[in-house]
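Quick notes on the structure that follows.
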Amino acid sequence: MKMITTDLNNYSEINFAAGEVILFDKLEGFSSFNVVNRVRRLINVKKVGHAGTLDPLATGLLILCTGKKTKEIYKYQDLPKVYTGIISIGKRTPSMDSETEFTEEKDISGVTSEQIEETRKSFLGEIEQVPPMYSAIKHNGKSLYHYARKGKMITREARKVEIYDFKITEVNLPDIHFEIKCSKGTYIRVIADDFGQKLGCGGYLKKLRRTAIGDYNVENAFTVEQFIEFFEENNKHFI
């Protein structure tokens, strides 16, 4: 089933204005707002929101709430998240991912599997993170990334987050493949940067995919194009 609140076999019960919760598999290059905006225009409902931003370069699960269900977005935001991805060590970027150019490069020939394992363990449990400058966090009404792109630094306070599980699934240096289960508000880009710093060679987030939010899995999600096709084929049945 690809829609949480309503069985797709019961089209006549689907009511986007009254409120539906839809799973999307966001593709690389789209912002979370792009997905919200396209769905809002398609279903012709003003109230559409998402339950947790994904960066444009990231892919994976994005939960959208429509109509009166937007009042319940917090329920999905509070759920733990699962991500897979690649940390590439030996290089750093200002954005902590591949959005910006490399600013540092160091030799990684001395990095051992034992060091990687010890570094992995150090992230388990409750940790503190300083949010990245390249983020949507607001400062004086503007997102931090607006300041970052102008070369301005804003002081940010560390926040507590929790890492429930952190698996290294493959090591093919400089790339370290991982799966992380974490609390809301966790920046995986910061983990990638901190991971590289702890190894003494730097690192950045090369790939990221959100695979689950609570019990909701990306395997049950629409791409935007699939949802458009579903809507156009069946909207005559909707309330």
Side-chain angles (χ1 to χ4, degrees), residues 4 22-35 50-64 73-89 91-93 95-100 116-117 119-132 134-137 145 159-172 174-199 202-224:
I4 301 170
I22 313 167
L23 303 184
F24 280 93
D25 183 355
K26 190 188 80 66
L27 303 181
E28 185 174 345
F30 288 89
S31 70
S32 300
F33 178 76
N34 288 151
V35 178
H50 64 75
T53 303
L54 274 177
D55 293 334
L57 293 178
T59 67
L61 185 57
L62 190 69
I63 296 180
L64 263 62
I73 282 178
Y74 70 93
K75 294 181 181 179
Y76 305 99
Q77 291 174 327
D78 290 344
L79 295 172
K81 317 293 191 298
V82 179
Y83 297 90
T84 61
I86 301 173
I87 298 169
S88 192
I89 63 172
K91 296 179 180 179
R92 296 184 75 197
T93 75
S95 60
M96 303 181 184
D97 62 12
S98 55
E99 180 184 345
T100 52
I116 292 172
E117 174 60 14
T119 301
R120 179 196 70 82
K121 290 179 181 177
S122 72
F123 284 94
L124 293 171
E126 189 175 82
I127 62 172
E128 288 196 341
Q129 283 190 331
V130 176
Y134 282 80
S135 70
I137 293 173
Y145 61 77
R159 300 178 175 188
K160 289 184 179 180
V161 297
E162 189 163 1
I163 309 302
Y164 305 113
D165 196 13
F166 187 176
K167 297 185 179 76
I168 302 297
T169 56
E170 181 184 347
V171 176
N172 186 15
D175 293 343
I176 300 171
H177 297 247
F178 67 84
E179 179 180 271
I180 287 177
K181 183 177 183 180
C182 57
S183 66
K184 70 172 184 177
T186 304
Y187 283 93
I188 308 300
R189 284 182 289 138
V190 175
I191 290 178
D193 186 74
D194 289 346
F195 200 101
Q197 290 291 85
K198 288 186 177 187
L199 288 175
Y204 72 98
L205 186 62
K206 187 176 182 179
K207 288 284 184 182
L208 185 66
R209 180 166 176 78
R210 185 157 66 196
T211 59
I213 298 175
D215 292 331
Y216 307 116
N217 197 289
V218 72
E219 292 179 358
N220 300 319
F222 289 105
T223 65
V224 170

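Because the structure is a prediction, the values reported are computed rather than measured.
Of all heavy-atom pairs between I86 and F178, the closest is N-CE2, 3.3 Å. Heavy atoms only, all atoms of each residue included: S95 and T100 are closest at OG-OG1, 2.7 Å. Nearest heavy-atom pair across T59 and L27 is CG2-C, 4.1 Å. Taking all atoms of both residues into account, the shortest heavy-atom contact from L79 to G214 is CB-N, 3.9 Å.
The shortest side-chain heavy-atom distance between M96 and V190 falls under the 4.5 Å cut-off. T84 places none of its side-chain heavy atoms less than 4.5 Å from the side chain of H177. Inter-residue side-chain proximity for I180 and I191 is flagged as met; some heavy-atom pair is nearer than 4.5 Å. Side-chain contact between H50 and V35 is absent, with no heavy atoms from C-beta onward closer than 4.5 Å. Contact check for C182 versus I188: side-chain heavy atoms found under the 4.5 Å cut-off. Side-chain contact between F222 and L62: absent, with no pair of heavy atoms (C-beta onward) separated by less than 4.5 Å.
We find the OH-NZ distance between Y216 and K81 to be 12.0 Å, quoted to the nearest 0.5 Å. One distance of note links CD1 of I63 with NZ of K26; it measures 15.0 Å at 0.5 Å rounding. The CD1 atom of I73 sits 8.0 Å away from atom CG of L64, with the distance rounded to the nearest 0.5 Å. Taking OG from S88 and CG from D97, the interatomic distance works out to 12.0 Å, rounded to the nearest 0.5 Å. To the nearest 0.5 angstrom, K160 atom NZ is 5.0 Å from E126 atom CD. In this structure, NZ in K206 is found 11.5 Å from CD1 in I89, a value given to the nearest 0.5 Å.
Counting non-hydrogen atoms of other residues, nucleotides and ligands closer than 6.0 Å to NZ of K181 gives a total of 12 or fewer. No more than 12 heavy atoms of other residues, nucleotides or ligands shown are found within 6.0 angstrom of NZ on K207.
Side chain of K198 to backbone of I116: no donor-acceptor contact under 3.5 angstrom is found. A donor-acceptor pair under 3.5 Å is formed between the side chain of S183 and the backbone N or O of E162. Formation of a donor-acceptor pair under 3.5 Å by the K91 side chain with backbone atoms of Y204 is not found in this model. The backbone N or O of V161 sits nowhere less than 3.5 Å from a side-chain atom of T186 that would complete a donor-acceptor pair. The closest donor-acceptor contact from the side chain of R120 to the backbone of F166 lies under 3.5 Å. No donor-acceptor pair closer than 3.5 Å links the side chain of D55 to the backbone N or O of L57. Looking only at distances, a side-chain donor or acceptor of Q129 sits under 3.5 Å from a matching main-chain atom of Y187. S32 contributes a side-chain N or O that, together with a main-chain N or O of L54, makes up a donor-acceptor pair within less than 3.5 Å.
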Legend entry - Worked check of side-chain contact (heavy atoms from CB on, under 4.5 Å) between E99 and T93: CA-CA 8 Å; E99 180 184 345; T93 75; over 6 Å; no
Inset, instruction - Please step through side-chain contact (heavy atoms from CB on, under 4.5 Å) for the pair L23 and L61, ending with a clear verdict. - result: CA-CA 7 Å; L23 303 184; L61 185 57; 4.0 Å; yes
Inset, instruction - Applying side-chain contact (heavy atoms from CB on, under 4.5 Å), run through F195 and I176 and close with a yes or a no. - result: CA-CA 10 Å; F195 200 101; I176 300 171; 3.8 Å; yes
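Salt bridge present: D25 and R209 bring a charged side-chain N and a carboxylate O closer than 4.0 Å.
The closest side-chain donor-acceptor pair between Y83 and R210 falls under 3.5 angstrom.
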